[in-house]
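Predicted model only: the values in this text are computed from it and were never measured. Only heavy atoms go into these numbers, but all of them, side chains included; no hydrogens, no water, no symmetry mates.
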Amino acid sequence: MKKLLFILLLFTYAQTASAQCQFLTDGEALEKKGKYQDAIRKYILAVKDCSKDAVTAMNKINALMDRIEKAERTAKQETEKTKKALAESEKQKAKNQKLVDAFYFAYDRFALAVKEIEVPVDEEDESNETVKVKRFGFINKEGDAIIDYKYDNLTPFNEETGFANAILNGIAYNVDTFGNQTEYNLKQLKLNKKGLVIIPHYIFNIKSLEELDLSNNQIDSIPNQIEELRQLRKLVLNNNKLLRLPIQIGKLKNLQILNLGSPDLGNKNELTELPVQIGELTNLQVLDLYWNQLKILPPQIGELKSLRELNLGLNSLISLPPQIGELKNLQVLDLKRNDLKTIPFQIGELINLKKLDLGWNELKILPPQIGKLTNLQKLIVGGNNNLDWEQTIQTLSGMSQKILFTPLSAITDKKEYKDGILWVYVDNDNLFKVLDKAQPAQMEEFINSKELYLEQMQLKELPAQISKFKNLQLLNLGNNQLTQLPSEIADLINLENLDLYLNRFTELPSVILKLKKLQKLVLHGNRLQFLSSQIGELKSLRELSLGFNELRALPPQIGELKDLEYLSLTKTELRFLPSEIKELKKLRWLNISHTLFSKDKINEILTILPQLEVLDLGDMGFTTLPDAVFNLKNLKTLYLGINYDIDEDEQNPNNFSEEEKEKIRKLLPNCKIEFD
């Protein structure tokens, strides 16, 4: 277009009298100087007045126009690139500022920082060898060090006291905001989850230490210098890589708590034996050795007269020393998941024992002396596959406590145990055998209990004895292999909560329809393809979970559940809901995450359920929300994140841009929104 305009100028430009082609020469000179517009005017005159050079001049005009257009494009691209770079710079600046704002700056100036620096391996060594170590200091908001990186350990400033606690060369200091140091007696030091492979040597110079936490590191040995910490009362080394204990451990005469277990996944201690010097810790009250590789205990374990808790679970013990009976103050003894075939009769001397865990060993009988444990409140014997239950019941029958047998799945550390009652946890699949063998007096309170958990029992059918639990309000049969329920379920006339998750039901068991007080029904994770139209008979139902089934349709009778407040349909094959769903006037919570509903169908559903307060639309692959969501005036919580119960390769996460997220927040100002 520009070329055409310039060519038209040929017919309007004033005619000159010159017959010579000086215009061409002048144009070339101007072009070399970069005066392109002036050069083009000269070339136009050449075309007009120098016929023999007209073609040459015309070509120069075209070439120069191409050059100008290319320069304009390049300039435009550079401008766009500059704008984009500026935008990215502003975005990064905002991100950096957001990060800085997230830090804690005491007095608006001091933030704790760490830096790796090189220090000499040995200052007297002339080899000049160095090693990288972490040193701590304080920085300001610009990243400048305002208290230098020199400390072995450092805590943030406490604005109440005005000090930060620091350790330098094994000496503890209070540091003020000017960097002044005042020595003090450090009593507690926490260095858990620091990636330590050794215990820092400066620690052994802190003679005042009373509590030392080195848990969740990668420490494989305890140096002999541990004996220097004579004031230590608590030593925590769980989840490391310890292979042995030094004999110097016995020098810690004030130690009350010694934790060498591995309760969590991750690093694991692998102690195979204890030094005999362990018996010198006469003030020890808690000894945790959970999940090591101990095969035997030294007889000196009996010298720990003050011991109240001893955790030896998940080891490889094949026997216990008789001296175990000398621990008169012991209240908790955990021996689960070992290789014990017998228990010494001296166990009966632990007169203060309240909890005894013998589960998952190879026991066939229990020593009769267990009957002497008159303070026992919790006894776990399940998991011993060859245990003689008749003998077990007989052994326990002579105890003064009231005996209550209950399934393993009901174990909880939150349970409150009453004096004079012994809760005995047996294998879930043997519970009903125990019911038949035990005396009614031993089972009375248990049978009258209101809650019964029979999860993960690998049950293929539920025994008819379930009818004995007349007062049950909650029955959890989750994670079994049930395909049907016995008719005796109908005898549980007080049942309000029935959990059948992760079983193999292909249809709703008809006996459930007789449970007229049922308020919560969980059928999550079964094999349902349809739901019986009789579901409408459960008039008291408030919660219904049908997720992770193969449901393709719901019956119209779903609308008869007038009291329903919660409905979960996550990961089903549903594409629509019956119009009768509008009758669920009390429905407050709807979960349709990871379903096949289109946005149009969701709009239809939400339009007839305006009262919803909680809505789950997670894992739907949305980039924008269905419009009807914004019309839910009562909406308090909106879930839009991934459903982590679904295999990763099946997940269909929502993908909202930051702009769209901001729009959603703006349109739902009173709603809690979870995007992750």
S.K.: Would you call Lys517 and Glu496 a salt bridge, using N to O less than 4.0 angstrom?
M.R.: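 No salt bridge links Lys517 with Glu496.
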S.K.: So do the side chains of Val426 and Trp389 get within less than 4.5 Å of each other, counting heavy atoms only?
M.R.: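 Val426 vs Trp389: side chains touch.
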S.K.: My understanding is that only residues two or more places apart in sequence, or in another chain, count here; which of them pass salt bridge (charged side-chain N to carboxylate O under 4.0 Å, His left out) with Glu416?
M.R.: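 Salt bridge (charged side-chain N to carboxylate O under 4.0 Å, His left out) check on Glu416 returns nothing, list empty.
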S.K.: Exactly one of Glu445, Gln377, Gln401 should register a side chain to side chain contact (heavy atoms under 4.5 Å, CB included) with Ile421. Which one does?
M.R.: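 Answer to the side chain to side chain contact (heavy atoms under 4.5 Å, CB included) test with Ile421 among Glu445, Gln377, Gln401: Glu445.
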S.K.: Taking the side chain as C-beta and beyond, is there a heavy-atom pair between Leu314 and Asn292 under 4.5 Å?
M.R.: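 A side-chain contact under 4.5 Å is absent here.
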S.K.: Under the ring pair (Phe, Tyr, Trp, His ring centres under 6.0 Å) rule, what do Phe405 and Tyr425 come out as? Steps first, then yes or no, please.
M.R.: CA-CA 6 Å; Phe405 292 94; Tyr425 294 89; over 10 Å; no
S.K.: Going by heavy atoms in the side chains, are Phe548 and Ile646 under 4.5 Å from each other?
M.R.: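 Of all side-chain heavy-atom pairs linking Ile646 with Phe548, at least one is under 4.5 Å.
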S.K.: Quick one: does His524's side chain get under 4.5 Å of Asp499's, heavy atoms only?
M.R.: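 They are not in side-chain contact.
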S.K.: List the steps, then state whether side-chain hydrogen bond (donor to acceptor under 3.5 Å, both in side chains) holds for Thr624 with Lys599.
M.R.: CA-CA 10 Å; Thr624 59; Lys599 281 189 179 180; 2.5 Å; yes
S.K.: Under 3.5 Å, which donor-acceptor pairs link side chains of residues 537-546 to any protein atom two or more places apart or in another chain?
M.R.:
residue : atom : partner : partner atom : Å
Lys539  : NZ   : Gly536  : O            : 3.1
Lys539  : NZ   : Glu560  : OE1          : 3.4
Ser540  : OG   : Lys516  : O            : 3.0

S.K.: Any side-chain heavy-atom pair from Thr392 and Ile365 closer than 4.5 angstrom?
M.R.: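 Answer no - side chains too far apart.
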S.K.: Run the numbers on Lys586 and Glu565 for salt bridge (charged side-chain N to carboxylate O under 4.0 Å, His left out), then give the verdict.
M.R.: CA-CA 5 Å; Lys586 293 185 179 181; Glu565 299 174 358; over 6 Å; no
S.K.: For atom CG of Asp436, decide whether the heavy atoms of other residues, nucleotides or ligands shown that lie under 6.0 angstrom number more than 12.
M.R.: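 Count over threshold, so yes.
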S.K.: Run the side-chain hydrogen bond (donor to acceptor under 3.5 Å, both in side chains) test on Ser593 and Asn591 for me, step by step, so that the C-alpha distance in whole Å, both residues' side-chain angles and the decisive distance to 0.1 Å come before the verdict.
M.R.: CA-CA 6 Å; Ser593 63; Asn591 184 349; 2.9 Å; yes
